[in-house]
Amino acid sequence: MRIATWNINGIKARLEILVTWLAQEKPDIVCLQEIKTVDEGFPRAEIEALGYNIETHGQKSWNGVAILAKGRDPVETHRGLPGDPDDVQSRYIEAAIDGVLIGGLYLPNGNPRPGPKFDYKLRWFDRLIDHAAGLLASGLPVMLAGDFNVMPTALDVYKPERWTEDALFAPEVRAAFARLLAQGWTDALRTIHPGETIYTFFDYFRNAYARNAGLRIDHLLLSAPLAARLVDAQVDAHVRGWEKTSDHAPTWVELRDG
DNA sequence: ATGCCTAATGCAATTAGA
């Protein structure tokens with residue numbers, strides 16, 4: 001079973017790209033971030049035509065997440081991250097699919113730092129860590145997949161010295177990611193590619209993709225029962241080279257049957 | 001330190017991204 005995450009950067013502007021990739025790669029489950037539309041604006045028909053069932057948690061203009069499941073019916077378990085009823089941003093969706101619990105997330109960017117957006121990022125991260133603890137305690141096969149907006153280590157940044165004050169690489173943000181991992185999650189891409197320079201995001205600026213000036217900020221975290229089934233994890237980096245594509249590349253794991 | 005590029009809104013220029 002292949003499970004992917006992709007920050008699509010606008011589903012309406014990216015529908016053709018998404019359909020092309022889905023038809024080529026045929027992933028079983030896809031977590032999308034930054035759909036940038038309300039639920040009613042999501043182009044369901046074109047994606048359902050490829051055999052996918054869809055759960056969305058949309059928002060006008062910004063943010064918005066979705067889960068696609070090919071030939072399976074996702075059973076939604078959460079819309080929105082628990083822990084703050086006043087949080088109106090659509091950044092979390094969770095569903096049970098084929099006995100696996102999938103949390104799709106879009107963690108706040110947090111820039112500029114310091115500031116209210118950075119504070120919101122840290123609070124959101126704390127809520128995620130609280131929720132993740134409960135997921136692990138369930139003992140179920142669980143995955144957290146999405147755009148975490150964190151480079152966990154210097155290996156995950158093309159020029160780490162330029163990013164030390166940035167909200168994506170700040171010490172307190174890396175520490176939060178480390179706290180999350182320490183609960184018992186396996187970073188699938190880093191586990192399959194130890195010590196390797198491997199990026200999931202390339203800025204539109206300055207021809208970043210061609211220069212391999214990227215960041216690793218999209219992550220797939222596996223609970224122990226899923227980590228035992230990990231076969232492969234890769235980035236479809238070539239998709240970043242397509243015309244009119246997202247600045248993030250699709251990132252995925254292959255799991256053997258449970 | 002800032003712009004470089006791109007999307008959404010809405011039709012110009014701003015907000016946001018990372």
Side-chain angles (χ1 to χ4, degrees), chain A residues 5-19 21 31-43 46 56-66 87-92 104-122 124-125 128 145-174 176-177 189 197-219 235 237 239-251:
Chain A
T5 180
W6 194 6
N7 181 322
I8 197 74
N9 188 12
I11 186 69
K12 293 174 185 173
R14 221 67 72 193
L15 181 58
E16 192 176 334
I17 291 280
L18 175 62
V19 165
W21 175 74
C31 297
L32 296 176
Q33 301 87 41
E34 284 206 87
I35 62 173
K36 294 186 175 181
T37 181
V38 294
D39 294 335
E40 295 74 24
F42 194 92
E46 293 88 341
T56 63
H57 181 34
Q59 181 181 335
K60 187 179 179 181
S61 304
W62 293 301
N63 310 316
V65 287
D87 184 1
V88 297
Q89 300 190 25
S90 297
R91 295 179 175 276
Y92 188 79
L105 65 99
Y106 175 46
L107 212 135
N109 175 302
N111 279 307
R113 168 182 177 267
K117 290 186 177 182
F118 189 68
D119 297 339
Y120 174 64
K121 181 176 195 169
L122 293 182
W124 206 95
F125 223 140
L128 178 64
D147 177 358
F148 283 70
N149 270 318
V150 183
M151 295 84 88
T153 73
L155 182 60
D156 304 311
V157 197
Y158 70 103
K159 290 276 188 193
E161 68 277 9
R162 292 187 188 173
W163 289 84
T164 52
E165 302 303 314
D166 190 277
L168 278 69
F169 197 53
E172 54 270 55
V173 175
R174 279 184 279 164
F177 189 83
L189 193 65
T197 296
I198 184 165
Y199 300 133
T200 66
F201 167 88
F202 304 88
D203 211 307
Y204 289 121
F205 299 170
R206 301 191 204 84
N207 210 16
Y209 174 62
R211 296 186 300 116
N212 197 30
L215 308 171
R216 190 174 74 95
I217 54 177
D218 301 275
H219 306 300
V235 181
V239 175
R240 181 62 184 82
W242 292 356
E243 291 295 318
K244 298 291 289 178
T245 198
S246 171
D247 41 6
H248 295 250
T251 305

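Remember, it's a predicted structure, so these values are computed and weren't measured experimentally. Chain A is the first sequence line, chain B the second, and so forth, proteins listed ahead of strands; every chain is numbered from 1.
- Applying the ring-ring contact (aromatic ring centres under 6.0 Å, His included) rule to A/Phe148 yields the partners A/Phe177, A/His219; only residues at least two apart in sequence or on another chain are considered.
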Inset, instruction - Using a 4.0 Å heavy-atom cut-off, write out nucleotides 9-18 of chain B from 5' to 3' as B (base contacted by protein), S (sugar-phosphate only) or - (no contact). - result: S-----BSSB
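- Distance noted for atom P between B/dC4 and B/dT14: 14 Å (whole Å).
- For the P atom pair drawn from B/dT2 and B/dT15, the interatomic distance equals 16 Å after rounding to whole Å.
- When the side chain to side chain donor-acceptor pair (under 3.5 Å) test is applied to A/Glu165, the partners found at least two apart in sequence or on another chain are A/Arg113.
- Within a 6.0 Å radius of CD in A/Glu172, more than 12 heavy atoms belonging to other residues, nucleotides or ligands are found.
- Among pairs with a residue in residues 199-212 of chain A, none fulfils salt bridge (charged side-chain N to carboxylate O under 4.0 Å, His left out), at least two apart in sequence or across chains.
- Taking the P atoms as reference points, B/dA18 lies 14 Å from B/dA7, given to the whole Å.
- One atom, CZ of A/Arg240, and another, P of B/dC5, lie 13 Å apart when rounded to the nearest Å.
- B/dT6 and B/dG10 have their P atoms separated by 23 Å, with the value rounded to a whole Å.
- Distance check on atom P: B/dA8 versus B/dG3 gives 23 Å, rounded to whole Å.
- Checked against ring-ring contact (aromatic ring centres under 6.0 Å, His included), A/Tyr92 has the following partners two or more places apart in sequence or in another chain: A/His131.
- For A/Tyr106, the side chain to side chain donor-acceptor pair (under 3.5 Å) partners two or more places apart in sequence, or in a different chain, are A/Glu34.
- For A/Arg14 and B/dA8, the CZ to C1' distance is 12 Å, given to the nearest whole Å.
- Atom CD1 of A/Ile35 and atom C1' of B/dA8 are 13 Å apart (whole Å).
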